Amino acid sequence: MKIASWNVNSIKARLETVMEVLKSIDCDVICLQEIKCETDGFPYLEIEDLGYSVEALGQKSYNGVAILSRLPIEDVQRGLPGNEDDEQARYIEATIGGDTPFRVASIYLPNGNPFPGEKFEYKLNWMTHLRARAKELLAWEMPVVLAGDYNVIPTDDDCWDPAVWADDALAQPESRAALRAIQNLGYTEAYDCLDGRSHQYTFWDYQKGAWQKDHGIRIDHLLLSPETADLASSVEIYKSARGLTKPSDHVPIIGTFEEG
DNA sequence: ATGGCTGTCTGTGACAGA
């Protein structure tokens, strides 16, 4: 079972690139973020032609998340439970059927800039709700994958130059602590667990030749419940997606899991 | 090079992104 997370920065503007990458990475489940279209506007037919079922939660212009799966998608939860007042489309969760069912969430965590400010408080509040949901899911005692663009640089070793990011919401101690607080419930981050090299990135800005200079940050993460961590065998950052024509500024992060 | 990117919209510049 291969499960990926990928912020595509508009599914419509990126459709050809997305389909090319989906064929290459050959995953069973792909969690998409920043689809930037309304739920009804998702290009369902094109993705279904690749063999995937699709469940999406979108809104006009911004944000938006989706789960693609070759296996049946069941019990879809749209929006982050306990955070029903949030009008932004940032969370969808569902059960992926099969011999070993997985509960999978596609998460687009708020950016939080500028720091400090209301948007940063919104980010921290959102992370508090995510932690509460993560705790609930542990009680399900099944494999859980919380996949997404967390918009958090976990440590200074996960960016090219900590000084550049020091005043940014993505690198604030509060943002990092809120991510660790979720992990401290009992979640394992797939990259930390299965690779762990420093200075490996999932995002490179479009500006200033960031990709060519490898000026990136690692902000896309796969959080695994203990049941999932036991099944995890490898992780890959699909870096070559950033070098394609008309790329997203993020690349997929892919986890491989044994099916017990 | 007082800049340098990309996407969205009842758009043609403002905003959001990170």
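Quantities reported herein were computed from a predicted structural model and do not represent experimental measurements. Letters A, B, ... mirror the listed sequences (proteins, then strands); counts begin at 1.
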Peer 1: For Arg70(A), is there an ion pair with Asp26(A) - N to carboxylate O distance below 4.0 angstrom?
Peer 2: yes
Peer 1: Taking atom P of dA18(B) as reference, at what distance in whole Å does atom CH2 of Trp165(A) sit?
Peer 2: 9 Å
Peer 1: Starting from P on dC5(B), measure out to NZ on Lys213(A) and report it in whole angstrom.
Peer 2: 12 Å
Peer 1: DNA chain B: Pro247(A) or Leu109(A), which has the more 5' nearest nucleotide?
Peer 2: Pro247(A)
Peer 1: Find the distance Tyr150(A):OH to dA18(B):P and express it as a whole number of Å.
Peer 2: 15 Å
Peer 1: Using the P atom on both, measure dT8(B) against dT2(B) and round to a whole Å.
Peer 2: 30 Å
Peer 1: Assess whether one donor atom and one acceptor atom, taken from the side chain of Asp168(A) and the base of dA18(B), lie less than 3.5 Å apart.
Peer 2: no
Peer 1: Over 60° means perpendicular and under 30° means parallel, so classify the ring planes of His215(A) and Trp160(A), tilted if in between.
Peer 2: parallel
Peer 1: Between dT6(B) atom P and Asn111(A) atom CG, what is the distance in whole Å?
Peer 2: 19 Å
Peer 1: Quick check for you: among dC5(B), dA18(B), dG7(B), whose closest atom lies nearest to any side-chain atom of Ser10(A)?
Peer 2: dG7(B)
Peer 1: Going through the distances and angles, do Asn9(A) and Lys36(A) end up as a side-chain hydrogen bond (donor to acceptor under 3.5 Å, both in side chains)?
Peer 2: CA-CA 7 Å; Asn9(A) 185 18; Lys36(A) 288 188 171 179; 2.9 Å; yes
Peer 1: So if I take every side-chain heavy atom of Asn7(A) and compare against dA18(B), dT8(B), dC5(B), which nucleotide ends up nearest?
Peer 2: dA18(B)
Peer 1: Which whole number of Å gives the distance between the C1' atom of dG7(B) and that of dA1(B)?
Peer 2: 25 Å
Peer 1: How long is the line joining NZ of Lys208(A) and P of dC5(B), in whole Å?
Peer 2: 11 Å
Peer 1: Closest approach of Ala190(A) and Val235(A), non-hydrogen atoms and distance?
Peer 2: O-CG1, 4.0 Å
Peer 1: Taking atom C1' in both dG4(B) and dC9(B), compute the distance separating them and give it to the nearest angstrom.
Peer 2: 24 Å
Peer 1: For Phe120(A) and dA16(B), give me the distance from atom CZ to atom C1', rounded to whole Å.
Peer 2: 18 Å
Peer 1: In Watson-Crick or G-U wobble terms, both distances under 3.5 Å, what is the partner of dG13(B)?
Peer 2: dC9(B)
Peer 1: Among dA18(B), dT8(B), dT6(B), which nucleotide has an atom closest to any side-chain atom of Ala13(A)?
Peer 2: dT8(B)
Peer 1: Once you apply a heavy-atom cut-off of 4.0 Å, does His250(A) come out as touching a base, just sugar-phosphate, or nothing?
Peer 2: sugar-phosphate
Peer 1: Are Arg78(A) and Glu55(A) within salt-bridge range, i.e. N to O under 4.0 Å?
Peer 2: yes
Peer 1: Look at Lys119(A) and dA16(B) and indicate whether a side-chain polar atom (N or O) is within less than 4.0 Å of OP1 or OP2.
Peer 2: yes
Peer 1: Measuring to OP1 and OP2 of dA18(B), would you say a side-chain N or O of Tyr201(A) lies under 4.0 angstrom away?
Peer 2: no
Peer 1: Search all heavy atoms of Ile35(A) against all heavy atoms of Ala66(A) and return the closest pair with its distance.
Peer 2: CG2-CB, 4.5 Å
Peer 1: So Asp149(A), base contact, sugar-phosphate only, or nothing? Heavy-atom distance under 4.0 Å.
Peer 2: sugar-phosphate
Peer 1: Using the C1' atom on both, measure dC5(B) against dA18(B) and round to a whole Å.
Peer 2: 12 Å
Peer 1: Respond yes when some side-chain nitrogen or oxygen of Arg90(A) is under 4.0 Å from OP1 or OP2 of dG17(B), and no when none is.
Peer 2: yes
Peer 1: Determine, for Arg14(A) against Glu34(A), whether the closest basic-nitrogen to carboxylate-oxygen distance falls under 4.0 angstrom.
Peer 2: no
Peer 1: Below 4.0 angstrom from OP1 or OP2 of dA18(B), is there any side-chain N or O of Asn151(A)?
Peer 2: yes
Peer 1: Does OP1 or OP2 of dG7(B) have a side-chain N or O of Lys246(A) closer than 4.0 Å?
Peer 2: yes
Peer 1: Picking from dG17(B), dC9(B), dA18(B), which would you name as closest to the side chain of Lys60(A)?
Peer 2: dC9(B)
Peer 1: Between Gln88(A) (CD) and dT8(B) (C1'), how many Å, whole number?
Peer 2: 15 Å
Peer 1: Let's see if you can work this out: which of dA18(B), dC5(B), dA16(B) has an atom nearest to the side-chain heavy atoms of Tyr62(A)?
Peer 2: dA16(B)
Peer 1: Students often get this wrong, so: under 4.0 angstrom with heavy atoms, is Asp249(A) touching a base, only sugar-phosphate, or nothing?
Peer 2: nothing
Peer 1: Any side-chain N or O of Ser61(A) below 4.0 angstrom from OP1/OP2 of dG7(B)?
Peer 2: no
Peer 1: Taking only the C1' atom of each, what is the distance from dG11(B) to dC15(B) in whole angstrom?
Peer 2: 12 Å
Peer 1: Could you tell me the separation between the CD1 atom of Ile153(A) and the C1' atom of dG17(B), rounded to a whole number of Å?
Peer 2: 14 Å
